Structures are given as structure tokens and as C-alpha cells.
Novice: 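My questions all concern the structure below.
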Amino acid sequence: MFYAQLLTLFPEFFDSPLYCSIPKRAIAAGIVNVEAIQIRDFATDKHHKVDDSPYGGGPGMLMKPEPVVASIRAAREKHPDTHVVMLTPSGTRFTQSKALEFTEKPGITLLCGRYEGFDERICDYVDEQISLGDYVLSGGEPAAMSVLDAVIRLLPDVLGSPESAVLDSFSEAGILDWPHYTRPEIFEGKRVPDVLLSGNHASIERWRREQSLLRSQRRK
Ligand code: ADE
């Protein structure tokens with residue numbers, strides 16, 4: 001079974017998204033095991049302090065190295081084969097191929113930060129740093145949930161039809177998905193393209209490929 005360990009100050013953040021739709025089914029089916037680990041439990045001081053102000057001054061607070069590194073060690077102790085990923089806006093951009101790469105590992109540990117970021121020395125204890133995009137979230141949790149969702153749906157037997165994962169946008173070297181239509185045939189005067197109603201599978205396939213390429217060129 002694939003596993004995900006979430007190192008976080010807000011384990012409750014994950015309660016709702018993990019218990020909806022596809023992640024919920026994957027957990028219920030025993031395909032993935034998800035465990036949220038409270039970083040604060042690894043703070044050894046009286047006040048369970050997990051953050052502190054930056055040396056050199058400046059706004060905000062940083063995640064302190066001691067509790068974070070202790071939580072990473074606990075995660076590695078539980079799963080010595082784990083791949084530890086720090087979520088940070090200064091990481092490498094997350095992609096569909098990275099999601100696929102993660103599914104090939106026995107499991108992942110996602111480290112979420114709060115406040116203005118992590119003490120830089122924590123980076124030495126993780127295997128890689130991932131960013132969701134060029135914007136700053138208030139914490140790593142929504143980024144970790146997105147990574148986890150993208151990984152879960154690619155695990156064997158999670159999606160009803162294995163083709164749906166394969167045919168997804170981006171699966172094919174950054175080629176976007178084609179436009180999709182369902183009933184009704186006419187909605188507020190907008191018609192479903194004739195080719196999709198033609199029953200000619202070769203023409204439909206050609207049209208979809210053309211549309212994918214057009215979209216991919218336009219959006220990039
Ligand atoms: N933490 C804060 N912002 C983030 C982002 N864009 N990606 C990953 N982790 C983050």
C-alpha cells in the first residue's frame with residue numbers, strides 16, 4: 001500500500017479534502033494510507049515553540065529547525081524508505097510527471113511550513129523542495145493536499161478507467177486536453193460541434209488532436 005505522511009502544524013486541515021471523492025475512495029479501498037503528524041509534538045521546550053523571529057531582522061516568523069527536523073526523523077524512522085518533500089514557493093515547480101514519479105516510490109512525506117518559511121538549515125534534511133507555482137500560500141498545507149491528490153488519482157486501481165489518467169491534460173508532454181461536451185446538444189444557443197455527433201471515430205479522434213494542439217499553442 002502506498003503511504004503519505006504529512007508533517008504539519010494543522011493536521012485538521014486535511015480532514016475534509018481527504019474524505020471527499022477520489023481520495024476518500026482510495027483510502028477506503030486500502031490503496032493509500034495517510035497519516036498527519038503534528039510537528040508541535042516534537043518541540044521539547046515548555047511552550048512547544050515551533051517558530052521564531054529571523055536573525056538579521058525582518059517581518060514574520062520562521063519554522064525552527066529542532067522540532068521540524070525531529071518530525072522528519074520520526075517520519076523516516078517509521079518509513080526508512082520514505083521520500084521527504086518540503087513544500088515551499090522557492091522549490092521546483094510541481095508537474096504531472098513529478099506526480100507520476102512519486103507514485104513509483106513506496107510512499108512520500110510532505111513537509112508543510114507556516115509563517116514566513118523554514119530555517120534554511122532544514123533543507124539539508126529533505127530529499128527535495130517543491131513549489132506549486134509562483135505565488136505564496138499562507139502555508140504548505142494546500143500545496144501538500146494538491147500534490148497528494150495528484151498522486152493518489154494516479155495510483156493503480158484508483159480511477160474507474162485506467163485510460164482517464166493516461167488521457168489527462170499534461171500526461172502527454174504538456175499537451176492540453178481537448179474540449180469536452182455532454183448533453184444537451186444545444187445549450188443557450190451553443191451547439192455541440194457536429195463532428196462529435198457524427199459517429200465517425202477517425203474524424204472525432206483527428207478533431208480532438210487538432211483541438212488539443214490549438215489549445216496548447218494558445219495557452220503557452
Ligand atoms: N508554501 C507557500 N506557498 C507555496 C507554494 N506556492 N508552493 C508550495 N508551498 C508553498
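Atoms within a ligand are numbered from 1 in the order they appear, just like the ligands themselves. What you see below is based on every heavy atom in this structure, not just the backbone, and it leaves out hydrogens, waters and symmetry mates. Source: prediction; values computed, not measured.
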Novice: For Asp127 and Arg76: C-alpha separation, side-chain torsions, deciding distance, then whether salt bridge (charged side-chain N to carboxylate O under 4.0 Å, His left out) applies.
Specialist: CA-CA 11 Å; Asp127 296 308; Arg76 288 198 196 277; 3.4 Å; yes
Novice: Taking atom types as modelled, find out whether Gln129 and Thr88 have a side-chain donor-acceptor pair closer than 3.5 angstrom.
Specialist: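 Judged by distance alone, the side chains do not pair up.
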Novice: Taking only residues two or more places apart in sequence or in another chain, which ones pass side chain to side chain donor-acceptor pair (under 3.5 Å) with Lys105?
Specialist: none
Novice: Could you verify whether a donor N or O on one side chain and an acceptor N or O on the other, from Ser203 and Ser198, lie under 3.5 Å apart?
Specialist: no
Novice: Return yes if a side-chain donor-acceptor contact under 3.5 Å exists between Tyr3 and Asp81, otherwise no.
Specialist: yes
Novice: Carefully, step by step, assess Lys64 and Glu66 under the rule salt bridge (charged side-chain N to carboxylate O under 4.0 Å, His left out).
Specialist: CA-CA 6 Å; Lys64 287 171 66 59; Glu66 307 95 312; 3.6 Å; yes
Novice: Below 3.5 Å only, please: the N or O atoms of ligand 1 paired with protein N or O atoms, distance on each line.
Specialist:
residue: ligand 1; atom: 3 (N); partner: Leu137; partner atom: N; Å: 3.0
residue: ligand 1; atom: 6 (N); partner: Gly133; partner atom: O; Å: 3.3
residue: ligand 1; atom: 6 (N); partner: Tyr135; partner atom: O; Å: 2.7
residue: ligand 1; atom: 7 (N); partner: Leu132; partner atom: N; Å: 2.8
residue: ligand 1; atom: 9 (N); partner: Thr88; partner atom: N; Å: 3.2

